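Every chain is numbered from 1, with letters handed out A, B, ... down the list of sequences. For clarity, every value in this text was computed on a predicted model and none was experimentally measured. All values below were derived from every heavy atom in this structure, side-chain atoms included, with hydrogens, water molecules and symmetry-related copies excluded.
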Number of protein chains: 2
Amino acid sequence: MRIGELAKQGDCDVETLRFYEREGLLDAPAREANGYRSYTEMHLVQLKFIRHCRSLGMGLPEVRSLRSFQASPELACGEIDQLVDGQIARIHQQIESLRLLEKQLHFLRDTCHASRKASECGILRTLAQAAEGEACSCHALPVAE
Amino acid sequence: MRIGELAKQGDCDVETLRFYEREGLLDAPAREANGYRSYTEMHLVQLKFIRHCRSLGMGLPEVRSLRSFQASPELACGEIDQLVDGQIARIHQQIESLRLLEKQLHFLRDTCHASRKASECGILRTLAQAAEGEACSCHALPVAE
DNA sequence: TAACGGCCTGTAGTTACTACAGGGTCAAGC
DNA sequence: GCTTGACCCTGTAGTAACTACAGGCCGTTA
């Protein structure tokens, strides 16, 4: 099958496929006489594997690792475990800092309404005060739930 | 003060300051006779404002907006409100998808231990099965809490 | 005079793609 | 025979927000 067909079946962009090939994630396919790439079912399986890993938030280096582990699965189980654990830890960390961020923004947002009567936006004032060196109230929020 | 001093007081990198200047976030300072940048206290306040906004997860375009709103605060309150609301919505969305991701990865991780006796890593097998076209169990998780 | 730290400009690298520019290939329609 | 259109090719530049040089100037100290 040609690249357009693989892109359709793998639900991704043609340019992305060429990118994966350049990055060594997708095996380089045979070429037709005219130079067009000629893919097999194996490439579709590879592609789906890559896209599935990506949809789980793994980066390309992680996907590369997993693909190389596939060559010798019985050896790699510990490393695979570790890789997934690392992902989980990273994402958990991201969630925590985003939750804090959300709380800080809510606080900032509330300062607007709190000082509306002053006909001056409390958000800007809070941000500007922080810049002036005063302790900002949004970042002084307790981290714990 | 020179760029190194501003960087120290603003707790960021010298290169970042030059970058902010290029991007029009930080006003271009006067120059000494030898071409060195010469900053004032105003620049430090500007920089702290920028860094504070950045630490709240705002992008440079948002910071640019806020800085321009500072020129006419009484006019801009509604827009500032909207900007912060947009940030909150975006971050909330991010948190939700990361929480789902975390759950999927936990599930994947558990498949490893579930099939350890088979001396074949369940993670790899689950990922590979998904690539083969089988319904993957990790993505079939219920989205709701 | 040489070494050192700081400063300058300008460019390239990071992630995972995306979006062209400029050109070749092939089948269908006039 | 010619054109149109969809598809393919390579190679390069863009995205966000910096970071990291290369190559060179300025000013002080040993």
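Following rounding to the nearest Å, E21(A) (CD) and dA16(C) (P) show an atom-to-atom distance of 18 Å. In this structure, the CZ atom of F19(A) is 16 Å from the P atom of dG11(D), given to the nearest Å. dC9(D) atom P lies 11 Å from atom CG of L6(A), rounded to whole Å. The nearest whole Å value for the distance from the CG atom in L17(B) to the C1' atom in dT9(C) is 16 Å. As a whole-Å value, the separation of R2(B) CZ from dC7(C) C1' is 8 Å. In this structure, the CG atom of L60(B) is 13 Å from the C1' atom of dT15(D), given to the nearest Å. Put simply, CD on E32(B) is 15 Å from P on dG6(C), counting in whole angstrom units. Rounded to whole Å, the distance from CG on L25(A) to C1' on dA16(C) is 10 Å.
Proximity note for E15(A) (side chain, C-beta onward) versus dT25(C), dC8(D), dG11(D): the nearest is dG11(D). Here dC7(D) is the nucleotide among dC7(D), dA16(C), dC8(C) with the atom lying nearest to any side-chain atom of Y36(A). Side chain of R31(B), nearest nucleotide from dT9(C), dC26(C), dA17(D): dT9(C).
Residues E32(B) and R37(B) have side chains not in contact (no heavy-atom distance under 4.5 Å, counting atoms from C-beta outward).
At most 12 heavy atoms of other shown residues, nucleotides or ligands fall within 6.0 angstrom of atom CD in Q82(A). Shown here is N34(A), whose CG atom has more than 12 heavy atoms of other residues, nucleotides or ligands within 6.0 Å.
Take the nearest nucleotide of DNA chain D for G4(A) and for Y20(B): the residue whose nucleotide is more 5' is G4(A). Annotation: of the two residues near DNA chain C, I3(B) and D13(A), the 5′-most nearest-nucleotide partner is I3(B).
Side-chain atoms of E5(A) stay outside donor-acceptor range of the base of dC7(D), with no qualifying N/O pair under 3.5 Å.
In terms of phosphate contacts, R22(B) brings no side-chain nitrogen or oxygen within less than 4.0 Å of OP1 or OP2 of dT19(D). Put simply, N34(B) has no side-chain N or O that comes within less than 4.0 Å of OP1 or OP2 on dC25(D). In this model, the phosphate group of dA16(C) is not approached by any side-chain N or O of T16(A) to a distance below 4.0 Å at OP1 or OP2. Side-chain nitrogen and oxygen atoms of R37(B) include at least one within less than 4.0 Å of the OP1 or OP2 phosphate oxygen of dC8(C). Distances shown here put every side-chain N or O of R54(B) at or beyond 4.0 Å from the OP1 or OP2 atom of dA16(D).
Heavy atoms of R18(A) sit under 4.0 angstrom from at least one base atom. Among the protein residues, R64(B) comes within range of no part of the nucleic acid, since none of its heavy atoms lies under 4.0 Å from any strand.
Q87(A) and R90(A) share a side-chain donor-acceptor pair at under 3.5 Å. Side chains of H43(A) and T40(A): a donor-acceptor N/O pair is present below 3.5 angstrom, by distance only.
Screening Q94(A), E96(A), R99(A) against I95(B) for a side-chain contact (heavy atoms from CB on, under 4.5 Å) leaves a single residue, R99(A).
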